[in-house]
Structures are given as C-alpha cells and as structure tokens.
Amino acid sequence: MDAITIGGVTLHYEDSGAPDAPALVFSNSLGTDFRVWDPLLPHLPAGLRRLRYDKRGHGLSTLPAGPWTIADHAADLAGLMDARGIANAVICGLSVGGLIAQELAASRPDLVRALILCDTGAKIGNEAMWNERMEVIRAGGLASILEGNMARWFTAAFRADHDRLAPWSMMLVRTPVEGYLRTAEAIRDADLREQTAGLRLPCLALGGEDDGSTPPDLVRALAALIPGARFELIAGAGHIPCVEQPEALGRLITGFLAEL
Ligand SMILES: O=C(O)CC1=CCC(=O)O1
C-alpha cells in the first residue's frame, strides 16, 4: 500500500509495471476509489505501467480543507505523476476523472500523450442539480442518494444481482461525505468546454448506452470538441463500464493504444 504527500494532500496510489514501460494513468469517478478499475485490469494489454490513485477526499487519500476545484484535483495528479517520474502518459478518466484528465491535458501537456475519456463531459450537470443533490446528502448522508445513483451507474440487469452490486454500493456510501461534497462542488463549478476545444491530442471518448449520469450525447458532444477524437458506445453499460462491461472496455482501450 503506497501513499505520498504532495502540497499537504496525502494520496493513496498503486504504481505497477516496468518503470520504463508506456504509462496508462487512471482517474476515477465521484464516490469511487481506485478499485473501480479492478475488473478492467485483466483485459488490458501486458507490458504497460499502470498508475491508479484515490483522489482527495476519496478512498484512503486525505481530506484537505475546501473549497476544491477541478484544477486542484488535476494538480494532485500532476504532483503524483511528477513524483513517480511519469510523463507523456495516456490518461484514462472516468466521469469527474475525465474532467481531471481534460484539465491536466490543458495545464500540463507534457504529462499527457493521449486521452481516454469515459462517461464524462466538458461540463457535467448544472448548478441547480448539483446544489439539490448536495442538500439531500447534507440532510441524509450518502445513503440517501444510493438508490438513484445505482440506477444511473448500472443497468437494471446488473442491479438485479445483489451480490454483484453490493460492493459498489458500499464503496459509495463509505466515501467520506465531505470528500464527495467538495468534489461535487468542483464539478458543479467546472465548465471546460472552451479549454477542451483547444486540445490537440489523440482522444477516445466512450459512453455507456444506459448511462443516466453522463448520457451518450454528452460524451459525443465532448468528442466533437477535440479534432480527430473518436466516440464509441458501450452496449449493456451504465455510467461505470469498467465494472459492468470490462471486457468491451478493455478491447476498446487496447485498440486505441495500438493506434498510438
Ligand atoms: O454521481 C453520478 O451521478 C455520477 C457522476 C457524476 C460525476 C461523477 O464523477 O460521477
């Protein structure tokens, strides 16, 4: 179990594979920690260096004082990559992890060779929706959004299997409430559309066909901002295809990496 403190934030991470191998860096979604990528790992090509981490306020990372911005989250990732000696990497970002990846590509282009933007947008949701969700959580904790969130994260078929769903439900409700809320505020206040339209790098944008959080059209619109970006729809997945369709996601990532 590894951790590093950068700018007062202690980040829990896992860095595996040969130090000189091409690096794939993962940034995960709101209310999840880096175990969300576990089901995907067996479906990735061999010979990669893989960096996963728990963003601030999530998993085993610490909770610095708020407020936070997406730029703060991206600076955490930049600091972690610098400390691990990783540059020119492919960044795979899921949902808010996709916002962090876009921000990192704009602020530290030396760190980012290509982007895989999974179930995300250049702007996610709107002010009223995030304020309402935060009010509900302040009143009732994360358990109060559990059912609605699971319905956006996973298809009905996946949710019907209690034992398959349970670990991901537990991951959400055990997220530190303030870590969730401060990251939700950062998402609410982020509009990366203009900045992302200036990116010039290879990009694969992926959307789950039943994603209730960042629907396929939002991901298509994101792909349209970046010249040459390709959009692919993942069948039988909601917001978290790395859990629900890891094999299909792994195939798409493997194909994209082979083209670079
Ligand atoms: O919580 C959700 O609905 C999904 C989500 C939005 C941003 C993120 O990272 O996850």
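Small disclaimer: the values here were computed from a predicted structure and weren't measured. For ligands, and for the atoms within them, numbers begin at 1 and follow the listed sequence.
- Residue-ligand proximity, Ser29 to ligand 1, at heavy-atom distances under 4.0 Å covers atoms 9 (O).
- Each of Asp76, Thr62, Thr10 was checked for a side-chain hydrogen bond (donor to acceptor under 3.5 Å, both in side chains) with Arg56, and the lone residue meeting it is Asp76.
- Using a 4.5 Å heavy-atom threshold, the side chains of Val219 and Leu206 count as separate.
- At a 4.0 Å heavy-atom cut-off, ligand 1 does not touch Thr214 at all.
- When the heavy atoms of Lys55, Met129, Arg133 are ranked by distance to atom 1 (O) of ligand 1, first place goes to Arg133.
- Checked by atom type and distance alone, the side chain of Arg138 never pairs as donor or acceptor with a backbone atom of Leu181 at under 3.5 Å.
- Here the protein heavy atom with the shortest distance to atom 3 (O) of ligand 1 is Ser213 OG, 2.7 Å.
- Taking only nitrogen or oxygen atoms, main chain and side chain alike, Val96 reaches within less than 3.5 Å of ligand 1.
- With a 4.5 Å cut-off on side-chain heavy atoms, Leu199 and Leu225 do not count as touching.
- Proximity of Trp37 to Cys92: side-chain heavy atoms (C-beta onward) are separated by under 4.5 Å at one or more points.
- Near Ile187, with a cut-off below 4.0 Å to any heavy atom, the atoms of ligand 1 are 7 (C).
- How far CG of Leu117 is from CD of Gln102: 5.5 Å, rounded to the nearest 0.5 Å.
- From the protein, the heavy atom lying nearest to atom 10 (O) of ligand 1 is Ser95 OG, 2.9 Å.
- The aromatic rings of Trp68 and His73 sit perpendicular to each other, their planes meeting at more than 60°, with 30° as the lower class boundary.
- A distance-only check finds a donor-acceptor pair linking the side chain of Lys55 to the backbone of Ser29 [under 3.5 Å].
- The contact set between ligand 1 and Tyr180, taken as ligand atoms under 4.0 Å from a residue heavy atom, comprises 1 (O).
- Contacts with ligand 1 closer than 4.0 Å are made by side-chain heavy atoms of Asn149 only, the backbone lying farther away.
- The distance from ligand 1 to the heavy atoms of Arg152 drops below 4.0 Å at these ligand atoms: 3 (O).
- Considering backbone and side-chain N/O of Leu30, one or more are found under 3.5 Å from N/O of ligand 1.
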